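First the structure, in the form of structure tokens, and then the observations on it.
Within every chain, numbering begins at 1; the chains are lettered A, B, ... in the order of the sequence lines, protein sequences first and strands thereafter. Source: prediction; values computed, not measured.
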Number of protein chains: 2
Amino acid sequence: MRMSAEERRESVIRAAVTEFARGGYHGTSTEAIARRVGVSQPYLFRLFPSKQAIFIEACRRCTEEVWQVFDRASEGLSGEDARRAMGLAYMELVQDRDRILMQMQMQVAAANTDTAGDPEVGEAVRRAWFELWERVRIRMGGDHGQATEFFGYGMLINSLVAMGFPLDHRVWAGFGDEQTEGRTSGKTEEKTAQKTEQSTEPGPK
Amino acid sequence: MRMSAEERRESVIRAAVTEFARGGYHGTSTEAIARRVGVSQPYLFRLFPSKQAIFIEACRRCTEEVWQVFDRASEGLSGEDARRAMGLAYMELVQDRDRILMQMQMQVAAANTDTAGDPEVGEAVRRAWFELWERVRIRMGGDHGQATEFFGYGMLINSLVAMGFPLDHRVWAGFGDEQTEGRTSGKTEEKTAQKTEQSTEPGPK
DNA sequence: GTCTATAGAAAGATAGAC
DNA sequence: GTCTATCTTTCTATAGAC
């Protein structure tokens with residue numbers, strides 16, 4: 001099916017977000033991306049100069065979409081209200097595992113290429129995250145500490161999602177209700193957030 | 001240089017932690033690990049059945065070492081004291097970037113192999129993290145919410161380290177002093193935690 | 001705008017010698 | 001306990017046709 005170059009590029013980026021999210025930079029072949037788009041693998045290199053260029057575009061797209069979700073959810077709000085709205089919005093974002101995974105893939109890819117002496121990906125990733133961070137911070141009223149806390153909960157959730165652990169209410173409490181109780185915990189002796197895959201005690205060694 | 005198989009295996013695991021931390025599972029060649037150990041690449045497969053087996057061992061080693069650090073730092077302590085001690089200990093752990101990066105590599109590798117239909121790595125990673133989580137939780141007095149909060153700050157720090165952002169005092173505040181002020185922030189209008197690599201505003205677009 | 005064919009370079013793993 | 005040689009697969013990227 002014939003398509004304009006712009007439309008194709010768009011499809012490629014979307015497919016790339018999905019594939020890179022699952023496989024990471026090195027674990028994803030351009031073949032896999034092409035297959036998802038429905039074009040031949042070599043054709044990708046007519047649309048983008050390299051695999052790395054596709055990855056960088058996918059990174060931008062991922063953080064941009066996260067912001068879109070936050071923006072829509074917190075439109076017209078500010079301060080605590082905006083913060084709560086964005087926290088709630090993240091609960092929905094988590095439904096799309098790929099969007100969460102891609103965030104982590106960006107981060108490790110940044111470390112990866114930085115240590116390899118190729119700063120291009122790392123710079124793109126830092127730029128994208130800095131922009132997201134600033135937009136969120138400003139929407140929440142400009143306080144740096146609150147943004148730090150907000151992203152802290154976000155990263156925790158990302159890690160748990162990546163590992164395949166279920167998210168329980170206590171994690172979300174950090175996003176939505178934590179400032180009303182000072183601490184997320186207390187004395188509640190409920191079910192753990194983690195006692196999942198191993199069914200019973202995963203005794204040491 | 002001749003060495004016992006056990007000694008060699010030990011060297012391989014250590015080298016593997018470093019290499020996998022930087023390259024991730026797919027981005028690290030067995031050649032790179034072998035080079036770091038100082039043996040030939042095929043010899044690795046006399047010591048371990050596969051690259052995956054080496055990776056799983058490296059994962060175990062990484063979380064085990066993190067616990068060793070926490071354990072030593074918080075020996076004899078409990079509750080808030082233990083929590084603070086482990087938070088401080090993490091500040092030192094961060095000096096070793098590879099140990100931090102390896103944590104994230106484990107997590108994305110778990111997602112990666114899970115979606116690929118091969119649960120082995122994912123299960124090993126969940127087991128390792130669950131054990132670390134439980135040990136930390138119990139040392140802190142058994143409260144689930146506090147453990148969640150503790151790991152939240154840890155994951156945030158991991159992400160920032162991975163991306164190459166500097167850590168400022170506000171991030172550490174979450175580990176050490178946060179319960180004394182309820183919120184990490186307040187009204188302090190100091191330097192941001194992020195305004196790093198771009199020197200000035202990294203304007204949108 | 002899109003494909004087939006293919007070059008060229010790794011990478012993981014095995015075989016067999018010493 | 002350790003190496004060299006090598007098989008096989010996979011992967012990014014290019015060339016050229018339609």
For this session: Enumerate the residue pairs fulfilling side chain to side chain donor-acceptor pair (under 3.5 Å) with a member in residues 29-42 of chain A, sequence neighbours excluded, ordered by first and then second residue.
Result: A:Glu19-A:Arg36, A:Thr30-A:Gln41
Figure out the [atom1]/[atom2] separation between [X] and [N], and round it to whole Å.
X       : N      : atom1 : atom2 : answer
B:Ile33 : C:dA13 : CD1   : P     : 11 Å
B:Phe45 : C:dT14 : CZ    : P     : 8 Å
A:Lys51 : D:dA13 : NZ    : C1'   : 12 Å
B:Glu19 : C:dG12 : CD    : P     : 12 Å
B:Glu31 : C:dA11 : CD    : C1'   : 10 Å

Set out, line by line, the N/O atom pairs under 3.5 Å between protein and nucleotides 1-5 of chain D.
| unit_1 | atom_1 | unit_2 | atom_2 | d |
| --- | --- | --- | --- | --- |
| D:dG1 | OP1 | B:Ala5 | N | 2.6 |
| D:dG1 | O4' | B:Arg2 | NH2 | 3.1 |
| D:dG1 | O3' | B:Met3 | O | 3.3 |
| D:dT2 | OP1 | B:Met1 | O | 2.9 |
| D:dT2 | OP1 | B:Met3 | N | 2.9 |
| D:dT2 | OP1 | B:Arg8 | NE | 3.2 |
| D:dT2 | OP1 | B:Arg8 | NH2 | 3.2 |
| D:dT2 | OP2 | B:Arg8 | NE | 3.2 |
| D:dT2 | OP2 | B:Tyr43 | OH | 2.6 |
| D:dT2 | O4 | B:Arg46 | NH1 | 3.4 |
| D:dC3 | OP2 | B:Ser40 | N | 2.9 |
| D:dC3 | OP2 | B:Ser40 | OG | 3.1 |

Are any protein N/O atoms closer than 3.5 Å to N/O atoms in nucleotides 7-10 of chain C? If there are, list each pair with its distance.
none

Side-chain donor or acceptor of [X] paired with backbone N/O of [Y] under 3.5 Å:
X       : Y       : result
B:Thr28 : B:Tyr25 : no
A:Arg22 : A:Asp98 : no
B:Arg9  : B:Leu47 : yes
B:Ser74 : B:Leu77 : no

I'd like to know if [X] pairs up with [Y] as an ion pair, taking the criterion as any Lys NZ or Arg NE/NH1/NH2 lying under 4.0 Å from an Asp or Glu carboxylate oxygen.
X        : Y        : answer
A:Asp114 : A:Arg126 : yes
B:Arg127 : B:Glu123 : no
B:Glu64  : B:Arg61  : no

